[in-house]
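Reading through the structure tokens given below for one structure.
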Protein chains: 2
Amino acid sequence: MSSASTPGPPGARPAATTTRGRPPKLDQARTVDVALALLDEVGLDALTMRRLAEAMDVRAGALYRYFATKHELLTAMAEALLADCLDRPLPSPDWSERLAELARRMRSALLSRRDGARVYAGTHSTGRHTLGFADTLIGVLREADFAPDDAARAALTVVNFTLGHTLEEQAARQVTDDGPADPERLREAVTPAQYPHLAPALPVLTSTDFAAHFTFGLRLLIEGLRATGRGPASPGADG
Amino acid sequence: MSSASTPGPPGARPAATTTRGRPPKLDQARTVDVALALLDEVGLDALTMRRLAEAMDVRAGALYRYFATKHELLTAMAEALLADCLDRPLPSPDWSERLAELARRMRSALLSRRDGARVYAGTHSTGRHTLGFADTLIGVLREADFAPDDAARAALTVVNFTLGHTLEEQAARQVTDDGPADPERLREAVTPAQYPHLAPALPVLTSTDFAAHFTFGLRLLIEGLRATGRGPASPGADG
DNA sequence: ACCTGAACACCGTTCAAGT
DNA sequence: ACCTGAACACCGTTCAAGT
């Protein structure tokens with residue numbers, strides 16, 4: 001299913017020319033794979049270098065031969081998360097459908113692992129999956145004749161909205177074992193007298209149909225792009 | 001400047017009826033204020049209960065009389081972050097300008113403290129500032145005749161976009177003392193041959209004019225709302 | 001009532017030493 | 001070359017005991 005890519009760190013050397021001596025128990029790709037599996041099991045807060053080392057039958061210190069810091073490992077995990085976003089062609093020739101499909105794939109990628117959005121938000125990969133995704137996103141807009149700066153900014157907007165949405169979606173899906181869950185605490189706090197507009201919106205806001213929320217926001221962005229229009233420059237402050 | 005609000009935890013009791021015995025060194029509001037100041041100084045990763053206790057001239061254990069967990073303290077901090085969003089009237093009667101102003105105030109609030117967006121993203125306050133903000137946002141859209149469900153979903157979209165944007169903005173502003181900063185690593189990795197659309201977009205994507213990015217995304221959402229239109233129901237999948 | 005002291009069960013990271 | 005052992009300098013949280 002998930003085969004991690006190597007993000008190419010500074011001191012990376014290829015597989016040893018001879019395999020004298022026992023083969024290493026560790027390598028970057030396998031470590032990322034096990035880390036993602038462990039993430040699904042225990043969540044980001046419990047994903048420690050010591051636990052990961054245990055899962056790989058090694059001592060924690062050994063991990064530092066492959067990742068200089070825990071943050072570097074998390075960056076490689078974020079990069080691996082996006083691995084499947086571009087593995088199949090975009091089905092439609094229409095730019096707005098292509099843009100929506102890319103956003104949906106990013107959302108799916110972040111949701112595919114527990115706390116995936118938090119892992120992604122905390123890192124900045126410069127690996128091929130992350131950069132390839134950004135390139136494709138901007139390309140879709142450029143081919144639809146949006147001005148270069150508008151295409152770049154629109155891509156940022158789509159990515160930032162998708163990140164914010166999935167962060168909230170995964171947080172909302174969290175099973176809080178102790179204490180009342182989020183929706184229940186909200187229903188207690190939001191009295192119609194104090195919050196006349198928020199109270200009637202609670203059923204929608206606490207609904208678990210996150211796909212509908214995502215689709216709504218995405219449509220807003222796409223309709224906004226349609227209204228902003230194509231051409232060499234965006235309408236600026238006078239628009 | 002920043003006066004923290006008390007989010008009203010389970011066992012909260014009012015100030016003692018008599019002030020016999022020395023007055024407490026701690027209380028919720030003061031703790032949140034000091035925690036926010038410390039956040040600005042050291043950042044979220046170095047904001048520990050022990051450091052905070054030291055800043056308040058107390059032992060770490062004492063903090064647990066006022067906050068059951070560190071997460072509860074962070075929630076109170078997130079709530080305090082939004083304290084100034086509604087302290088002055090919205091200047092314009094136009095719904096789109098009111099919506100934009102609310103989004104700008106949320107962005108400013110999250111940016112007002114180091115790692116403010118990360119603090120907000122990691123918590124879910126049900127305090128009056130957070131709920132009041134959501135209520136006002138939805139109210140602006142309801143008064144502009146958007147359907148109840150559309151108003152709720154549009155508010156979610158604006159909040160999630162603003163969160164995603166400020167998260168990235170604060171991450172980008174981070175001064176990484178060691179190693180090359182984000183833009184430099186990007187310029188190294190993004191070759192025009194491999195990333196034909198991303199490469200020419202780099203100057204825009206790595207520009208520090210985050211306000212321009214935010215304004216662009218916000219305009220997209222507002223134009224999208226204008227296009228989606230008002231009325232009793234949104235156009236649904238057939239639109 | 002409010003805080004201290006001390007402990008419990010952990011962390012990320014480093015590095016000499018082994019093999 | 002790759003990993004272990006052991007340490008360093010921390011964490012969040014709990015709770016008896018002091019005042």
Closest to the side chain of A/R51, out of C/dC3, C/dT14, C/dC11, is C/dC11
Considering only atom P, compute the distance from C/dA9 to D/dC10 and round it to an integer number of Å. 22 Å
Could you tell me if A/E169 and A/H213 have a donor-acceptor pair between their side chains, going purely by distance under 3.5 Å? no
Of the listed C/dG5, C/dC3, D/dG5, the closest approach to the A/R59 side chain comes from D/dG5
Separation of C/dC3 atom P from B/K25 atom NZ, nearest Å, is 7 Å
Roughly how many Å is it from CG in A/D27 to C1' in D/dC2, rounded to a whole number? 13 Å
Among the nucleotides D/dT13, C/dC3, C/dT13, whichever has the atom closest to the side chain of A/K70 is C/dT13
Out of C/dT4, D/dT13, D/dC3, whichever nucleotide has its closest atom nearest the side chain of B/T69: D/dT13
Short side-chain N/O contact to C/dA1 OP1/OP2 from B/Y66, under 4.0 Å: no
Thinking salt bridges, do B/D45 and B/R118 make one under a 4.0 Å N-O criterion? yes
Could you please name the partner base of C/dC10, counting Watson-Crick and G-U wobble pairs only when both distances are under 3.5 Å? none
Length of the line joining A/L44:CG and C/dC11:P, which is rounded to integer Å: 13 Å
Is D/dA16 paired to anything, Watson-Crick or G-U wobble with both distances less than 3.5 Å, and if yes, which nucleotide? C/dT4
Mind calculating the distance between CE (B/M49) and P (C/dC8) to the nearest angstrom? 21 Å
Using the C1' atom in both, what is the distance from D/dC8 to C/dC11, to the nearest Å? 12 Å
Output the rounded distance in Å from CG (A/L52) to P (D/dC3). 13 Å
Can you check the A/E54 CD to D/dT4 P distance for me, whole Å? 13 Å
note: A/L63, atom CG; C/dT13, atom C1'; distance rounded to Å ~ 11 Å
Does the distance from a Lys or Arg side-chain N to an Asp or Glu carboxylate O, for A/E101 and A/R104, drop under 4.0 Å? yes
With DNA chain C as reference, determine whether A/L47 or B/R50 sits nearer its 5' end, using the nearest nucleotide of each. B/R50
Between D/dC11, C/dG12, C/dC3, which nucleotide has the shortest distance from any of its atoms to the side chain of B/P24? C/dC3
OG1 of A/T162 to CG of A/L167, rounded to nearest 0.5 Å, is 11.5 Å
Can you label the angle between the A/F214 ring and the A/H165 ring as parallel, tilted or perpendicular, going by 30° and 60°? tilted
Whole angstroms only, please: what is the CZ-P distance between A/R65 and D/dA1? 9 Å
